[in-house]
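See below for the structure under consideration.
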Amino acid sequence: MNPLRYQFHRASFIFHNHSRSPNFISSTCVCMISTLSVTNLIQDHIRNGNINDARQLFDQNPTCDIVTWNSMITGYIKNNQMQCAHNLFDQMPVRDVVSWNTMMSGLNKTKEPHKLYQFFLQMIRAGVIPNQFTFSTVISGFMNAFDVLVPQLHGLIVHLGLHSNVFVGSALMRGYTRLKDNEALHRVFDDVVVKDVSTWNALVVGYMELGFTVEAQVAFDNMPEVNIISWTTLVNGYIKNRKIDRARSIFDNMPYKNVVTWTAMIKGYVQYDNHIDAIHLFILMLKSGTGPNHFTYSTLLDACAGCSTFLLGNQLHSCILKSGLDREVVVSTALIDMYMKCGDLEAALYVFECMETKNTVSWNSVIGGCARHGLANRALCEFEKMIESGAKPDGVTYVNLLSACMHGGLVKEGERHFNSMGVRYGVKAEMKHYSCMVDLYGKSGELEKAEKLVKDMPFEPDVGVWGALLSACGLHSRYELANGLENLAHDYPTIYSMLVKLHGEKGEWSRAVEMRNKMMETGARKQKAGSRTD
DNA sequence: TTAGGGTTAG
């Protein structure tokens, strides 16, 4: 701690523990007035975004009170300087509930649920009583990582009498939605005494997420007031529940629309592979005078990738460059994916090279694109560069990498990466990774290794894994192994289809017909052909 | 001095 600041706090301590003479009180009043004006000045600097000026004033005034300390921390958080906020928090001689809440709101903003959890525990251990601000921040920050704590926090909230707070209520409703607890969702809604539009929106979101579209619509119809977020929530809810026509009908009849609403509806079409309607709607959006943002462009590029419309994708690229939105990592990544899927590898790699900041998803797009274009060694090379850049690989990186090895017949490389993914990077091998490895072994003729891997898998293989093994049997005429898989076909009727093909290839027509009949008995149908299976 | 809703890429 700054020595001057330390001396002030020591003096302050002595003052509070001794009898106060009139002169001392009078000088303290002057001190308080000046502290107040310094606090106001510091807060003004923060409001105006002058964090350095605020800090300078703060350092020059060792008499700053806890409100000023908290304001400085808020300033750093608003300025995205979490480390500075943390340093100041550590230096505080005394911390109150606001100090803790402010730090936790910063950790919520930077999406660090584990650190947030540690802060919350430390705060409780320090004997600080959480308030309504604490719970609304903590519940929101725990989302996804510690959903299981929601009912426990709810208990604490009721104990402290904070359950009727409108912010706490909204946070709890979202927590219970995550936990798929419809009853608790409604109970919390009822507990909020003075509901606002956000409370009602949280109810509509909750019902929609849980699949109760009728209840969501009733809630929407009963809302005392609706805003554009309520409308967008409703449209989005119907999209998530696969009621795209209903969503469109509401969308068309909305009293007002903005870029978020348009993007949500466009995304709805893309989500269900209706790329043409998505593009038509985008044109209507432009005609309406609403300008696209980076969310819209990413969605549209996904539509272009979905139906391989290189021309439109290329035109969108020009618009993106004009708007300066190419600096958005999501937009650039969507561009890479679009070019890769439209067959222009060069353009994809060029966009990638131009990117100032790359994240795991961007690297995955390039590695996956190279793999799909048959450039196995390039994919492996990009992976090495990814590691050198400090980006952390995830499950998708390894699916792409193993798939590159599979296309290139690189068994040794595939084995090396498969064996090191958990140890080196903490990426747990999932079904899709086993599926890739079985495919890799299978296509390379190493059926024994493929079979052993399937037997040693830590979970039950799915139809993808069995399918990979079976197709390898066909490729390398290993009929005895394929026949051994027949007993699995009852659970995975697709296997019958593969066995029909296999026996047909071998000329065993009676067995082929037998498999076909069994397939018909199970009601299995041949999958409709298509370039996308997701 | 501290808190909450709708749209994005692999």
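In what follows, chains carry the letters A, B, and so on, assigned in the order in which the sequence lines appear, proteins first and then strands, with residues in each chain numbered from 1.
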Looking across every strand, which nucleic acid part, if any, lies under 4.0 Å from A:S99 by heavy atom: base, sugar-phosphate, or nothing?
nothing

Per-pair stack call A:F167 and B:dA3, 5.5 Å, 30°:
yes

Sorted by number, residues from residues 217-232 of chain A placing a heavy atom under 4.0 Å from DNA chain B are A:N227, A:I228, A:I229, A:T232

Counting only heavy atoms and a strict 4.0 angstrom limit, can you tell me which residues of residues 234-254 of chain A come near DNA chain B?
A:N236

What contact category does A:V205 fall into here, base, sugar-phosphate, or nothing, at under 4.0 angstrom with non-hydrogen atoms?
nothing

Taking N and O atoms by type only, does the side chain of A:N201 place a donor or acceptor under 3.5 Å from a partner on the base of B:dG6?
no

side-chain hydrogen bond (donor to acceptor under 3.5 Å, both in side chains) pairs touching residues 397-406 of chain A, sequence neighbours excluded, are A:N364-A:T397, A:D394-A:T397

With a 3.5 Å cut-off and just heavy-atom distances, do the side chain of A:N359 and the base of B:dA9 make a donor-acceptor pair?
yes

Heavy-atom donor-acceptor pair, A:S136 side-chain to B:dG4 base, under 3.5 Å
no

What residues from residues 278-287 of chain A pass a heavy-atom cutoff of under 4.0 Å to DNA chain B?
none

Review item, side-chain donor-acceptor pairs of residues 324-332 of chain A, under 3.5 Å, at least two apart:
{"from": "A:S332", "atom 1": "OG", "to": "A:D326", "atom 2": "O", "distance (Å)": "2.7"}

Within residues 320-331 of chain A: residues closer than 4.0 Å to DNA chain B (heavy atoms):
A:V330

